[in-house]
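The shown structure was predicted, so the numbers you read here are calculated from the model rather than taken from an experiment.
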Amino acid sequence: MPRKSGDTQIAHRSEYSLERRQAIRYRLNTSVMFRWSGPEDGSYQGEGVTRDISVAGAFVETATCPPPNSLIQMEVFFHLSDGGAKALMKADMMVLRVEHDASGSKRSGFSAVGKGFSLRTFSERASRLVDGLIKESEASMKGQK
């Protein structure tokens with residue numbers, strides 16, 4: 001039975017492997033906002049788009065990169081496939097690395113990781129869509145084992 005709109009906790013598996021990443025990354029281009037505190041209690045904010053994302057982290061392309069090892073609050077915005085449904089994922093994360101326009105693309109970016117996202121859907125229809133995506137993902141993961 002689909003849940004009503006609300007919050008869902010999404011976290012990565014606790015299995016360990018030789019690969020440093022413990023979750024599959026998916027290519028996804030969606031809007032992100034992030035905030036962090038700087039020296040002398042300065043508060044900073046940036047926005048960008050995800051290049052890829054997993055249940056435990058993301059790579060964000062942006063002109064405003066927080067410094068490595070910064071604790072950030074990240075919000076990832078989704079417009080679901082039906083065109084009207086929306087969802088928001090939030091997480092506290094740590095910036096692992098920062099890449100400054102190395103390719104000449106005029107875009108910099110950073111990689112961040114955390115313990116998982118909290119997902120908020122804004123309608124019952126969005127909740128049903130998300131439930132379906134989660135079930136599809138779980139089924140495909142079982143097929144890879």
Side-chain angles (χ1 to χ4, degrees), residues 2-15 17-38 42-145:
R3 66 182 179 278
K4 294 180 182 172
S5 62
D7 294 333
T8 301
Q9 190 64 29
I10 302 175
H12 69 287
R13 295 187 205 178
S14 60
E15 298 173 6
S17 68
L18 296 176
E19 170 68 32
R20 284 178 40 189
R21 290 183 183 149
Q22 295 181 10
I24 297 171
R25 291 249 174 156
Y26 297 94
R27 291 257 179 231
L28 180 66
N29 187 309
T30 193
S31 300
V32 177
M33 290 185 63
F34 50 92
R35 289 176 290 288
W36 75 98
S37 296
S43 182
Y44 303 93
Q45 181 172 307
E47 58 185 53
V49 295
T50 58
R51 180 182 74 188
D52 56 56
I53 193 165
S54 74
V55 295
F59 188 91
V60 176
E61 294 178 331
T62 180
T64 310
C65 291
N69 300 316
S70 296
L71 295 175
I72 63 171
Q73 294 80 46
M74 183 182 294
E75 296 179 343
V76 182
F77 302 92
F78 292 98
H79 297 277
L80 299 174
S81 61
D82 71 346
K86 296 178 185 162
L88 169 68
M89 290 189 343
K90 289 181 161 185
D92 291 330
M93 299 194 155
M94 178 176 281
V95 176
L96 294 180
R97 75 177 191 286
V98 176
E99 296 177 5
H100 292 288
D101 190 23
S103 67
S105 66
K106 306 244 187 251
R107 288 295 272 188
S108 298
F110 65 92
S111 176
V113 68
K115 293 184 179 180
F117 286 93
S118 173
L119 175 69
R120 174 139 179 102
T121 54
F122 296 100
S123 69
E124 193 170 327
R125 181 171 31 159
S127 294
R128 285 193 304 269
L129 285 168
V130 169
D131 280 338
L133 291 170
I134 290 171
K135 287 176 185 170
E136 269 182 43
S137 178
E138 288 171 347
S140 70
M141 293 299 292
K142 286 179 185 175
Q144 291 179 6
K145 288 184 177 181

Item checked: Shortest non-hydrogen contact from F34 toward T64 -> CZ-O, 3.1 Å

Notebook entry, point to check: When rounded to the nearest 0.5 angstrom, what distance separates CE in M89 from CD in E75?
Noted result: 11.5 Å

Checklist line | Nearest-0.5 Å distance, OG of residue S118 to CG of residue D92 | finding: 10.0 Å

Next item on the list: Nearest 0.5 Å please: distance from the CE atom of M33 over to the CZ atom of R35.
Entry: 6.0 Å

Item checked: Closest approach of A112 to R25 (non-hydrogen atoms, all atoms of both residues) -> O-NH2, 4.3 Å

Check: How many angstroms lie between CG in L88 and CZ in F78, if you round to the nearest 0.5 Å?
Finding: 9.0 Å

Checklist line | Over all atoms of both residues, closest heavy-atom pair of S37 and Y44 | finding: C-CD1, 4.4 Å

Next item on the list: Going by the side chain to side chain contact (heavy atoms under 4.5 Å, CB included) test, name the single residue among P67, P68, P66 that passes it with V98.
Entry: P68

Checklist line | Main-chain N/O of C65 paired with T62 side-chain donor or acceptor, under 3.5 Å | finding: no

Next item on the list: Over all heavy atoms of both residues, which pair between M93 and A56 is shortest? Give the atoms and the distance, please.
Entry: CE-O, 3.8 Å

Next item on the list: Nearest 0.5 Å please: distance from the OG atom of S54 over to the CZ atom of F117.
Entry: 7.0 Å

Notebook entry, point to check: For Q45, does the CD atom have more than 12 heavy-atom neighbours from other residues, nucleotides or ligands under 6.0 Å away?
Noted result: yes

Note to self: For the OG atom of S108 and the NE2 atom of H100, what is their distance to the nearest 0.5 Å?
What the structure shows: 6.0 Å

Next item on the list: Would you check if F110 and I72 make a side-chain contact, meaning some heavy-atom pair closer than 4.5 Å?
Entry: yes

Notebook entry, point to check: Is a side-chain N or O of T50 found less than 3.5 angstrom from the main chain of T30, in a donor-acceptor match?
Noted result: yes

